[in-house]
Q: 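This is the structure I want to talk about, given as structure tokens.
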Amino acid sequence: MSDFNAEVIEEFRANEGRVGGPFAGAPIVLVHHRGRRSGKENIAPMMYLPHETDDDVIYVFASKGGAPQHPDWYHNLVASGQATVERGTDTYAVNVRELTGTERDQRYDQQARLYPGFAEYAEKTAGIRTIPVLELTRA
């Protein structure tokens, strides 16, 4: 785990799910996932988009800051189909589903309108990869 991620995780847990710095005011979740090859548990802090009406559903975006490859956590979540999240002070199991087509595009566009950095990530990856959107639903 990077020092940056470790600091975000520590701050998240010390402040009931709130963090400062580049994530100040943004909804953050800690996603626990198991390495598909290593079997080791990892924790990835990430921004999420809450569902409009169902508090048990959130969306996460495998942007990796606009890097040309998907983040490792994306591959792990898709391979497993399950994970655990820390959201605020609540910890619970989730089922993972990758969105495709119009459904994916609508959710990504919604996130990009709220947080313009996501529009920049999409520009960086244009022609290289489509940034995946995963739906995490409380199990």
Q: After noting the C-alpha distance and the side-chain angles of Arg107 and Gln110, does the key distance pass the side-chain hydrogen bond (donor to acceptor under 3.5 Å, both in side chains) rule?
A: CA-CA 5 Å; Arg107 291 295 175 191; Gln110 185 179 5; 3.1 Å; yes

Q: Quick one: do Met46 and Tyr74 end up in the same hydrophobic cluster if we chain Ile, Leu, Val, Met, Phe, Trp and Tyr together by side-chain heavy atoms under 4.5 Å apart?
A: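 Yes: a chain of side-chain contacts under 4.5 Å links Met46 to Tyr74.
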
Q: To the nearest 0.5 Å, how far apart are NE2 in His33 and OG in Ser80?
A: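 OG of Ser80 is found 10.5 Å from NE2 of His33.
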
Q: Atom CD in Gln106, atom CD in Glu103: separation rounded to 0.5 Å?
A: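 Rounded to the nearest 0.5 Å, the CD-CD separation comes to 8.0 Å.
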
Q: Return a table of donor-acceptor pairs under 3.5 angstrom between the side chains of residues 17-32 and protein atoms on other chains or two or more places apart.
A:
from: His32; atom 1: ND1; to: Glu41; atom 2: OE2; distance (Å): 3.0
from: His32; atom 1: NE2; to: Glu86; atom 2: OE2; distance (Å): 2.6

Q: Search all heavy atoms of Gly65 against all heavy atoms of Lys124 and return the closest pair with its distance.
A: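 What the structure gives for the nearest pair is O-NZ, 3.5 Å.
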
Q: Above 12 or not: heavy atoms from other molecules or residues under 6.0 Å from CD of Gln69?
A: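 Counting other residues, nucleotides and ligands, CD of Gln69 exceeds 12 neighbours.
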
Q: In the single-linkage hydrophobic clustering (I, L, V, M, F, W, Y; side-chain heavy atoms under 4.5 Å), do Ile43 and Leu77 co-cluster?
A: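 Ile43 and Leu77: separate clusters.
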
Q: Do the non-hydrogen side-chain atoms of Leu134 and Trp73 ever get within less than 4.5 Å of each other?
A: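 Side-chain contact under 4.5 Å: yes.
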
Q: Should the pair Phe118 and Tyr108 be assigned to parallel (<30°), tilted (30 to 60°) or perpendicular (>60°) ring geometry?
A: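 Ring orientation, 0 to 90° scale: perpendicular.
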
Q: Specify the closest pair of heavy atoms between Asn42 and Gly35, including all atoms of both residues, with the distance to one decimal.
A: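 Looks like ND2-N, 3.7 Å.
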
Q: Is there a path of hydrophobic side-chain contacts, each under 4.5 Å between heavy atoms, that joins Val78 and Phe61?
A: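 Cluster IDs for Val78 and Phe61 differ.
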
Q: Would you say Ile58 and Leu49 are hydrophobically clustered, going by side-chain heavy atoms of ILVMFWY under 4.5 Å?
A: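 Different clusters: Ile58 never reaches Leu49 through Ile, Leu, Val, Met, Phe, Trp or Tyr contacts under 4.5 Å.
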
Q: Can you confirm whether His70 sits close enough to Pro132 that some side-chain heavy atom of one is under 4.5 Å from a side-chain heavy atom of the other?
A: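 In contact.
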
Q: Are any non-hydrogen side-chain atoms of Val94 and Thr137 less than 4.5 angstrom apart?
A: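 In short, these two side chains do not touch, never coming nearer than 4.5 Å.
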
Q: Would you call Thr91 and Val85 a side-chain contact if the rule is heavy atoms closer than 4.5 Å?
A: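 Thr91 does not reach Val85 side chain to side chain.
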
Q: Verify whether one side chain among Tyr48 and Gln111 offers a donor that lies under 3.5 Å from an acceptor in the other.
A: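 No, Gln111 and Tyr48 have no side-chain donor paired with an acceptor closer than 3.5 Å.
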
Q: For Arg129, enumerate each residue passing the salt bridge (charged side-chain N to carboxylate O under 4.0 Å, His left out) test, keeping only those at least two apart in sequence or located in another chain.
A: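 Arg129: no salt bridge (charged side-chain N to carboxylate O under 4.0 Å, His left out) contacts found.
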
Q: Determine, step by step, whether Lys64 and Asp72 satisfy the salt bridge (charged side-chain N to carboxylate O under 4.0 Å, His left out) criterion, reporting the C-alpha distance in whole Å, the side-chain angles of both residues, the deciding distance to 0.1 Å, and the verdict.
A: CA-CA 9 Å; Lys64 199 175 182 181; Asp72 289 340; 5.6 Å; no

Q: Taking all non-hydrogen atoms of both residues, which atom of Gly66 and which atom of Thr125 are closest, and how far apart?
A: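 That would be O-CG2, 3.5 Å.
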
Q: Which heavy atom of Val96 sits nearest to which heavy atom of Gln82, and what is that distance?
A: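 Taking Val96 first and Gln82 second, the nearest heavy atoms are CG2-N, 3.9 Å.
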
Q: Tell me, with the steps shown, if Arg104 and Glu135 meet salt bridge (charged side-chain N to carboxylate O under 4.0 Å, His left out).
A: CA-CA 10 Å; Arg104 178 252 170 232; Glu135 179 183 83; over 6 Å; no

Q: For Glu16, I'd like to know if atom CD has over 12 heavy atoms of other residues, nucleotides or ligands within 6.0 Å.
A: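 It does not: Glu16 CD has 12 such atoms or fewer within range.
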
Q: Please test Asp56 against Arg87 for salt bridge (charged side-chain N to carboxylate O under 4.0 Å, His left out), starting from the C-alpha separation and ending with a verdict.
A: CA-CA 11 Å; Asp56 288 337; Arg87 185 175 169 198; over 6 Å; no

Q: If we only count heavy atoms from C-beta on, is the Tyr59 to His51 side-chain gap below 4.5 Å?
A: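 Yes, at least one pair of side-chain atoms sits under 4.5 Å.
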
Q: If every non-hydrogen atom of Ala62 is compared with every non-hydrogen atom of Pro71, which pair is closest and at what distance?
A: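 Distance-wise, the nearest heavy atoms are O-CD, 3.5 Å.
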
Q: Looking at side-chain heavy atoms only, is the closest gap between Val60 and Leu136 below 4.5 Å?
A: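 Val60 reaches Leu136 side chain to side chain.
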
Q: Is there a side-chain contact between Val57 and Arg97, using heavy atoms and a 4.5 Å cut-off?
A: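 Side-chain contact under 4.5 Å: no.
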
Q: Quick one: closest heavy-atom pair of Ala119 and Ala112, and the distance?
A: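 Result for this residue pair: N-CB, 3.8 Å.
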
Q: Is a salt bridge present between Arg138 and Asp54, judged by a nitrogen-to-oxygen distance below 4.0 Å?
A: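 No, no charged N to carboxylate O under 4.0 Å.
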
